Q: 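Structure in structure tokens, see below.
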Amino acid sequence: MMRFGGWIAGLALTLATPAMAEWREARAKHFVIYANTGEDDIRRMATRLEQLDGAMRRMHAVAEQPGQTSNPVTVYAVASASEVQSLCGKCPNIVGFYQPRVSGSVAFTPRRGSSEGSIDPQIVLFHEYAHHFLLGNASTAYPAWYAEGYAEFVSTASFDKEALRVGVAAMHRAYSLLRTDLAIETLFDPTRRKLDVDQQAAIYARGWLLTHYLMFSKERENQLGSYLRQLNEGVPSLKAGEAAFGGLKALDKDLDRYLSGARITNVVLPYTMLSVPPITVRTLSEGEQAMMALRMRSERGVNREAGRAVYDRALRTVGPYGDDPVVQGWLAEMAYDAGEDAAAEAAADRALAKDPKSVQALTYKAMVLMRRAEQSHNAEEWAEARRWIVKANRLNPDAAEPLSLYYRSYRMAGVKPTDAAVQGLYRAFELVPQDRGLRFMVAAQAIELGDIKGARATLRPLAFDPHAPADNRAAQLLSLLDSDKVQEALARIRGNAEQAVAEGGGS
């Protein structure tokens with residue numbers, strides 16, 4: 001039990017940074033972490049993330065899905081929030097960010113706060129992982145208040161001497177909770193009016209409070225499930241809320257009473273209940289150390305112009321490391337993004353000469369050949385590209401990117417995908433349902449198979465994306481399907497899928 005006060009506490013730093021630290025990699029069951037910090041620090045970070053994952057699985061009775069661990073989240077822990085903002089681009093106020101994608105979901109987080117009293121980087125990382133967890137383990141579409149409220153609920157997890165506590169008071173939301181008025185109708189339907197910055201913050205804060213209340217309220221047990229079921233059946237949020245919660249005004253009054261209560265309950269999970277899988281830590285090679293800044297720029301996602309700048313810098317750095325297969329695999333990706341296909345293929349070949357099991361090198365070899373075949377319209381070149389995709393798939397059958405590439409190769413060639421390609425697409429979606437491009441591709445394939453209900457279910461989580469406008473692409477497509485404009489919807493979905501891939505939401 002924790003008392004909730006009307007003040008914002010100064011928050012502890014996540015990791016201490018030794019002077020002149022080398023970059024290290026920690027590999028765990030669900031995560032790969034890179035940080036230029038000591039071994040104890042990066043191991044602690046990996047342990048906490050695995051404990052958090054285990055806590056959410058235990059809280060929600062979610063079993064491990066076969067193959068998911070072949071697609072871990074990669075976390076880059078950089079020095080400061082300003083470095084995160086530089087990687088993000090036009091993101092002056094963010095502390096960390098997360099990108100879900102079939103090629104490997106990534107998160108960027110600082111090791112320390114930007115100033116005293118700033119949000120703990122651990123809170124940001126846990127918030128983003130909660131989104132990843134929800135999207136990866138449920139087919140339900142969530143409204144903004146719950147998507148952000150649940151992420152806030154998880155984000156404040158604290159690690160005591162013998163137990164993990166989930167649902168600890170969100171002190172960083174205290175100002176919004178106590179100083180910003182937000183009508184309950186606006187919380188349930190934020191599209192009703194244009195929100196200012198304080199009201200947008202209140203969605204997170206009031207969403208946390210409502211999520212917290214419903215998690216522990218015996219009187220309102222099962223009401224959240226009833227609300228979400230109605231919402232996913234197409235009932236508008238306000239109407240579903242009125243029906244499920246017995247009136248929104250009454251719910252709002254109960255929330256105010258909950259906020260003014262003496263204590264905030266949280267879930268206590270002893271570490272003995274949260275087994276941590278093995279964690280391996282290594283210091284990166286000399287070449288990897290030299291390339292890490294460029295690797296992060298590349299992983300963040302680049303357009304052709306930015307990709308060219310990264311590649312040009314990489315060429316000035318990579319010279320002494322021609323025998324390092326990891327570095328050459330990274331270089332293949334950078335060259336590909338810059339449009340230097342011959343250089344990308346050569347780098348992939350160098351990587352494979354040293355490490356024939358490099359899935360990244362095999363993947364980029366295939367992607368170069370796909371781009372070449374798309375220009376030549378040569379069936380033999382398409383077959384050659386697919387042979388390299390199959391090699392990558394055989395090395396790791398549960399890696400999502402080769403599965404999605406195999407399907408895309410048919411779409412790019414303008415021919416009907418084989419049954420195996422369609423099965424591969426659906427399997428990739430099972431493995432990485434967080435990826436936007438995959439969702440659009442699966443929705444389009446469902447429409448072609450006459451499964452309009454399945455297409456709606458696939459698109460709905462995108463339509464409810466709390467970071468997207470109310471008239472986002474998925475919402476527009478749902479409207480077309482509801483109006484029986486199936487062919488128009490299909491044509492637009494195809495374009496959306498390719499655009500999502502180009503924006504970094506796909507292969």
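Since the model is a prediction, treat every value here as computed from it, not as a measurement.
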Q: Ion pair present between Arg57 and Glu64, side-chain N to carboxylate O less than 4.0 angstrom?
A: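 Salt bridge flag = yes for Glu64 with Arg57.
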Q: Begin from the C-alpha positions of Glu381 and Leu369 and carry the test side chain to side chain contact (heavy atoms under 4.5 Å, CB included) through to its verdict.
A: CA-CA 7 Å; Glu381 290 186 353; Leu369 295 173; over 6 Å; no
Q: Once the angle between the rings of His127 and His131 is folded into 0 to 90°, is it parallel (under 30°), tilted (30 to 60°) or perpendicular (over 60°)?
A: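 It falls in the perpendicular class, over 60°.
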Q: Do the side chains of Glu430 and Arg427 get close enough for a salt bridge, i.e. N-O under 4.0 angstrom?
A: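 Result for this pair is yes, salt bridge flagged.
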Q: So, are Arg456 and Asp482 salt-bridged, with charged N and O less than 4.0 Å apart?
A: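 Answer for the salt bridge query: yes.
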Q: Determine the interplanar angle of the Tyr410 and Tyr406 rings, folded into 0 to 90°, and report it as parallel if under 30°, tilted if 30 to 60°, perpendicular if over 60°.
A: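 Perpendicular, since the angle between the ring planes exceeds 60°.
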Q: With rounding to the nearest 0.5 Å, note down the distance linking CG in Leu274 to CD in Glu50.
A: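 It is 11.0 Å, given to the nearest 0.5 Å.
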Q: Please determine whether a side-chain nitrogen of the Lys or Arg among Arg101 and Glu299 lies less than 4.0 Å from a carboxylate oxygen of the Asp or Glu.
A: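 A salt bridge links Arg101 with Glu299.
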Q: How many angstroms lie between atom CG of Asp337 and atom CG of Asn303, to the nearest 0.5 angstrom?
A: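 Reported to 0.5 Å precision, the distance equals 9.5 Å.
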Q: Taking the cut-offs as 6.0 angstrom to the six-membered ring centre and 45 degrees off its axis, would you call Arg48 and Phe159 a cation-pi pair?
A: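 Flagged: Arg48 positioned over aromatic ring of Phe159.
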Q: What I'd like to find out is whether the side chain of Lys354 reaches to under 4.5 Å of the side chain of Gln328, using heavy atoms alone.
A: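 Side-chain contact under 4.5 Å: no.
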Q: By the definition side chain to side chain contact (heavy atoms under 4.5 Å, CB included), identify the one residue from Met291, Arg297, Arg308 that meets it with Met334.
A: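 That would be Met291.
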Q: Take Tyr129 and Phe31, measure what ring-ring contact (aromatic ring centres under 6.0 Å, His included) needs, and give me the verdict at the end.
A: CA-CA 10 Å; Tyr129 185 66; Phe31 306 92; 4.8 Å; yes
Q: Between Val124 and Ile94, is there a side-chain heavy-atom distance shorter than 4.5 Å?
A: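 No, too far: nothing below the 4.5 Å cut-off.
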Q: Taking the side chain as everything from C-beta on, heavy atoms only, tell me whether Lys391 gets closer than 4.5 Å to Asn393.
A: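 Lys391 does not reach Asn393 side chain to side chain.
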Q: Tell me whether the count of non-hydrogen atoms from other residues, nucleotides or ligands lying under 6.0 Å of CG in Asp419 goes above 12.
A: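 Counting neighbours around CG of Asp419, 12 or fewer heavy atoms of other residues, nucleotides or ligands fall under 6.0 Å, so no.
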Q: Assess the residue pair Ile447 and Leu449 against the criterion (side chain to side chain contact (heavy atoms under 4.5 Å, CB included)); give the C-alpha distance rounded to whole Å, side-chain angles, the decisive distance to 0.1 Å, and a yes or no.
A: CA-CA 5 Å; Ile447 291 174; Leu449 295 174; over 6 Å; no
Q: Before giving the answer on side chain to side chain contact (heavy atoms under 4.5 Å, CB included), spell out for Lys357 and Leu362 the whole-Å C-alpha distance, their side-chain angles and the decisive distance to 0.1 Å.
A: CA-CA 8 Å; Lys357 295 183 178 181; Leu362 287 167; over 6 Å; no
Q: Answer yes when Glu25 and Arg27 have at least one side-chain N-carboxylate O distance shorter than 4.0 Å, and no when they do not.
A: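 Salt bridge: yes.
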Q: Is the closest basic N to carboxylate O distance between Asp341 and Arg371 below 4.0 Å?
A: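 Salt bridge flag = yes for Arg371 with Asp341.
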Q: Between the side chains of Glu345 and Lys365, is the shortest nitrogen-to-carboxylate-oxygen separation below 4.0 Å, so that they form an ion pair?
A: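 Answer for the salt bridge query: yes.
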Q: Using the benzene-type ring in the case of Trp, are the ring centres of Tyr150 and His60 under 6.0 Å apart?
A: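 When the ring centroids of Tyr150 and His60 are compared, they turn out to be within the sub-6.0 Å range.
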Q: Verify whether one side chain among Arg111 and Asn36 offers a donor that lies under 3.5 Å from an acceptor in the other.
A: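 Looking only at side-chain atoms, Asn36 and Arg111 do form a donor-acceptor pair, the distance falling under 3.5 Å.
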Q: Assign the ring pair Phe108 / Tyr76 to parallel, tilted or perpendicular, where the plane angle (0 to 90°) is split at 30° and 60°.
A: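 Geometry flag for Tyr76 against Phe108: parallel rings.
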Q: For the pair Asp41 and Arg44, find out whether any cationic side-chain nitrogen is under 4.0 Å from an anionic carboxylate oxygen.
A: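 A salt bridge links Asp41 with Arg44.
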Q: Step by step, would you call Thr283 with Gln289 a side chain to side chain contact (heavy atoms under 4.5 Å, CB included)?
A: CA-CA 9 Å; Thr283 301; Gln289 300 276 355; 3.7 Å; yes
Q: Mark yes when over 12 heavy atoms from residues, nucleotides or ligands other than Glu286 sit less than 6.0 Å from its CD; otherwise mark no.
A: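 12 or below, so no.
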Q: With a 4.5 Å cut-off on side-chain heavy atoms, are Ser105 and Pro100 touching?
A: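 Pro100 vs Ser105: side chains touch.
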Q: So do Leu125 and Leu49 actually touch side chain to side chain, heavy atoms under 4.5 Å?
A: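 Leu49 vs Leu125: side chains touch.
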Q: Less than 4.5 Å apart, side chain to side chain, heavy atoms only: is that true for Gln445 and Tyr426?
A: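 A side-chain contact exists here, since the closest heavy-atom pair is under 4.5 Å.
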Q: So, do Thr458 and Phe440 sit near enough that their side-chain heavy atoms are less than 4.5 Å apart?
A: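 Not touching, per the 4.5 Å side-chain cut-off.
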Q: To the nearest 0.5 Å, how far apart are CG in Leu438 and CD in Glu401?
A: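 If we round to the nearest 0.5 Å, Leu438:CG and Glu401:CD are 10.0 Å apart.
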Q: Any non-hydrogen side-chain atom of Leu405 less than 4.5 Å from a side-chain atom of Leu403?
A: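 When only atoms from C-beta onward are counted, Leu403 and Leu405 do not touch, as no gap falls below 4.5 Å.
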Q: Is the CZ atom of Arg313 crowded by more than 12 outside heavy atoms at less than 6.0 Å?
A: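 Open.
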Q: Going by atom types only, do Arg436 and Gln99 share a side-chain donor-acceptor pair under 3.5 Å?
A: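 Side chains of Arg436 and Gln99: no pair found under 3.5 Å.
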Q: By side chain to side chain donor-acceptor pair (under 3.5 Å), which residues pair with Ser285, not counting sequence neighbours?
A: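 Listed in chain order: Glu288, Asp324.
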Q: Is there a donor-acceptor contact under 3.5 Å linking the side chains of Tyr407 and Gln423?
A: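 Checked: Tyr407/Gln423 side chains show no N/O donor-acceptor pair below 3.5 Å.
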Q: Between Glu448 and Arg494, is the closest basic N to carboxylate O distance under 4.0 Å?
A: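 Salt bridge between Arg494 and Glu448, a charged N being under 4.0 Å from a carboxylate O: yes.
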Q: Once you round to the nearest 0.5 Å, how far does CZ of Arg295 lie from CE of Met292?
A: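 Spacing of CZ (Arg295) from CE (Met292) equals 8.0 Å.
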Q: At what distance, to the nearest 0.5 angstrom, does CD1 of Ile389 lie from OG1 of Thr363?
A: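 Between atom CD1 of Ile389 and atom OG1 of Thr363 there are 8.5 Å.
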